[in-house]
Amino acid sequence: MWPDLIKKAKDGGLNAIETYVFWNAHEPLRRQYDFSGNHDLIRFIQTVKDEGLYAILRIGPYVCAEWNYGGFPVWLHNMPGIEMRTANNVFMNEMQNFTSLIVDMMKKESLFASQGGPIILAQIENEYGNVISSYGDVGKAYINWCASMAKSLDIGVPWIMCQEDDAPRTHGILITFKNWGGLDPKRTAEDVAFAVARFYQNGGSLQNYYMYHGGTNFGRTAGGPYITTTYDYDAPLNEYGSLNQPKYGHLTQLHNILRSMERTLTYGNVTSTDYGNSVYGTVYSIDNTSSCFFGNANVTTDATVNYQGVDFNVPAWSVSILPDCKTEVYNTARVNIQTNLMVKESNQAEEEPASLKWSWRPEINLEQTLVQGKGQVSTSMIVDQKVTNDVSDYLWYMTSLNVDKDDPIWTDDMSIRVNATGHILHAYVNGEYVDSQWATYGIFNYVFEKKVKLNPGKNQITLLSATVGLQNYGPKFDVIQSGISGPVEIIGRKGDETIIKDLSLHKWSYKTGLHGLDNKIYNSDSKFSAQWNTDNLPLNKMLTWYKTTFKAPLGEDPVALDMQGLGKGLAWVNGNSIGRYWPSYMAQEDGCSTEACDYRGSYYSSKCDTNCGQPTQRWYHVPRSFIQDGVNELVLFEEFGGNPTLVNFQTLRVGTACGSAYENKDMELSCQGSSHFCN
């Protein structure tokens, strides 16, 4: 999708593309690098160059980005003596090694502007100013080291830092993201344009959109925890790469006008006038040429600005731009672009979901963990799940308890209590499922407590922890626990008496992952790919694999996978992971308005939320590049239990295009390749 997205960005009036460099994607294991396929950073920068755009390379290597563990590889956490994002030699050596690697790769291909390439800025660290106080003097020493280390790499273009008081900044405007259980955040075209225009009115030079295209958190890349697979962000280019109208077009007009004024804005003398009541004017002048901005930050009242004897109407919460200070050519509140209403259509290549013939298989070897407690390693303590280097969402915690009827804890009222870290917990006793629990976004721990029935003698306690993306932001986020934190206790109650048996220091066995994941049964070339059942399809059964084939949807419209009826799990199309799915997690019931969103007034993350009471995410992006002509394969791992027979593929297109042209303005309506003008 890169060439298409980058071309649309250029057509949208952008002149630079910015990208993070994800350390955990490129160095998943220490000194083992991956720059293949979608990790081909050189190819990405070359594609930007080929389109005639600049590039901003945000190396970090801490990136945040709602990305798993903030972009850090988890093996860092397990290095002896390491403390991350502070003046610690172990960490700084690793950070310098990776940063130098990326810089050397760029230099080798002559990609810095100093070499004739497209990269005009590079970034070291990220958002450290927000957390530096938590690190004290060693934090200050670290950030100074970052600057010195970066400068020593001699790239010939400026280095920047983001949200660091003592460093240059870019200006970001979109400040919210979507989490499981959360609503869909929206920001109007008028308000985004107002923020951008006001930024340039006040002397800004580099506008950073976060995001201009957010896309999809494929695989296990979503962080948080509890960040969704979609990273649409209500951006000008939506998750599927389609134009989000009217936002895309309204901003395109603004960009083109600002670029037409580039010389005046860059070199002109500035005169500002305060007209009162939050109305202000700014004039840029050079060589007898002037350009004007008239801004009205009043939330409710329109304003009339008289400039050189001419009255100009400026609506509330808007900026008017007059490139020659005589004629208004743009106002942020007057959207003269069509609004696209997108629709989803069924797969015209076949009658889905009826045509999808499902086979299935259980997650095998469960007896070893649920009944026998066999693991790969053992220790007399409960460990943080990050000890596994995050090779899987799943980690089995297993121990045993010997108890007889003479034990003080023995009673008819016994329960298991587990202190967990906010991720998902599935509990089993003696091979029998007890219950599951999980938290919500922003909650880092909870207590699981359920009644259990123990047997005289040996009892097997098995806990399956499933992470939903590792913490990616905050002071010392890297040491926030994941998995089961403990203690794990058996509780017996007799009347007013409570007896607690702490299992935390028992011998615990651990097993990472699942058989199906370890053996990649989602790939058609797996040695286990033939071991699927076609009869007696189980529904709503935990830890179950499902597989079907489907025909490629006709045409070229983007493709979405409707996961209605499923619980939570992972999905693959032709072996390509489309990420975690969780349609059973419903968004909160309240917080949405039935009225149109008022663009006026300061933006906040819940201002214009939608999707109340609906699945947090029902549809999942399947790039056309994942789909081959003819027959394709879909594999699901259902963790919670669900009904795959409702699953189907759909395509997205513009269903309705509508708009209102302002006086003396033309507006183009375009739908499915045909265009019409109205005024």
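The ring of Y33 has its center no closer than 6.0 angstrom to the ring center of H26. Ring pair Y510/Y397: centre-to-centre distance below 6.0 Å. For H426 and F640, the ring centers are positioned less than 6.0 Å apart. Checked against a 6.0 Å centroid threshold, the rings of Y128 and Y135 count as neighbours. For Y62 and F477, the ring centers sit closer than 6.0 Å to each other. Outside the 6.0 Å centre-distance limit, the rings of Y441 and W180 are not counted as a close aromatic pair.
Each of F44, W67, F98 was checked for a ring pair (Phe, Tyr, Trp, His ring centres under 6.0 Å) with F22, and the lone residue meeting it is W67. Exactly one residue among V434, V418, T369 makes a side-chain contact (heavy atoms from CB on, under 4.5 Å) with L463. That residue is V418.
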K386/D478 under salt bridge (charged side-chain N to carboxylate O under 4.0 Å, His left out): CA gap, chis, key distance, verdict: CA-CA 10 Å; K386 290 191 289 296; D478 52 291; over 6 Å; no
Worked verdict on I59 versus W159 for side chain to side chain contact (heavy atoms under 4.5 Å, CB included): CA-CA 10 Å; I59 299 176; W159 286 92; 4.0 Å; yes
Side chain to side chain contact (heavy atoms under 4.5 Å, CB included) assessment of F444 paired with Q481: CA-CA 8 Å; F444 301 123; Q481 287 185 297; over 6 Å; no
Step-by-step salt bridge (charged side-chain N to carboxylate O under 4.0 Å, His left out) determination, R187 to D234: CA-CA 7 Å; R187 191 170 186 181; D234 192 33; over 6 Å; no
Audit row: K107, D154, salt bridge (charged side-chain N to carboxylate O under 4.0 Å, His left out) steps and yes/no: CA-CA 10 Å; K107 283 184 175 180; D154 191 26; 5.2 Å; no
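E18 CD to L53 CG: the interatomic distance, rounded to the nearest 0.5 Å, is 13.5 Å. Note that CG of L470 and CG of N68 are 4.5 Å apart. Values are rounded to the nearest 0.5 Å. Taken from CG in L464 to CG in L370, the straight-line distance is 8.5 Å, to the nearest 0.5 Å.
Looking at T616, its side chain does come within 3.5 Å of a backbone N or O of G181 through a donor-acceptor pair. Panel note: side chain D232, backbone E239; a donor-acceptor pair is recorded below 3.5 Å.
Note on R580 versus D393: salt bridge recorded, some NZ/NE/NH1/NH2 to OD/OE distance being below 4.0 Å. Using a cut-off of 4.0 Å between Lys/Arg side-chain N and Asp/Glu carboxylate O, E489 and K501 are scored as not salt-bridged. Using a 4.0 Å cut-off between charged side-chain N and carboxylate O, E94 and R31 make a salt bridge. A salt bridge links K178 and D184; the closest N-O separation between the charged side-chain nitrogens and carboxylate oxygens is under 4.0 Å. Under 4.0 Å is where a charged nitrogen must lie from a carboxylate oxygen, and between E83 and K476 no such pair does.
Other residues, nucleotides and ligands place no more than 12 heavy atoms under 6.0 Å from the NZ atom of K140. Within a 6.0 Å radius of CG in L505, other residues, nucleotides and ligands contribute 12 heavy atoms or fewer. Enclosure of atom CZ in F35 by more than 12 non-hydrogen atoms of other residues, nucleotides or ligands within 6.0 angstrom is indicated.
The aromatic rings of W23 and F91 lie tilted to each other, with the angle between the two planes from 30° to 60°. Aromatic ring pairs are classed by plane angle as parallel below 30°, tilted from 30° to 60° and perpendicular above 60°; the pair W582 and W438 is perpendicular. Taking the six-membered ring for Trp and thresholds of 30 and 60 degrees, Y210 and Y231 have ring planes more than 60 degrees apart, a perpendicular arrangement. Below 30°, between 30° and 60°, or above 60°: for F218 and F626 the angle between ring planes is between 30° and 60°, a tilted geometry. Below 30°, between 30° and 60°, or above 60°: for Y69 and F72 the angle between ring planes is above 60°, a perpendicular geometry.
The two residues T99 and P61 have their closest heavy-atom pair at OG1-CD, 3.9 Å.
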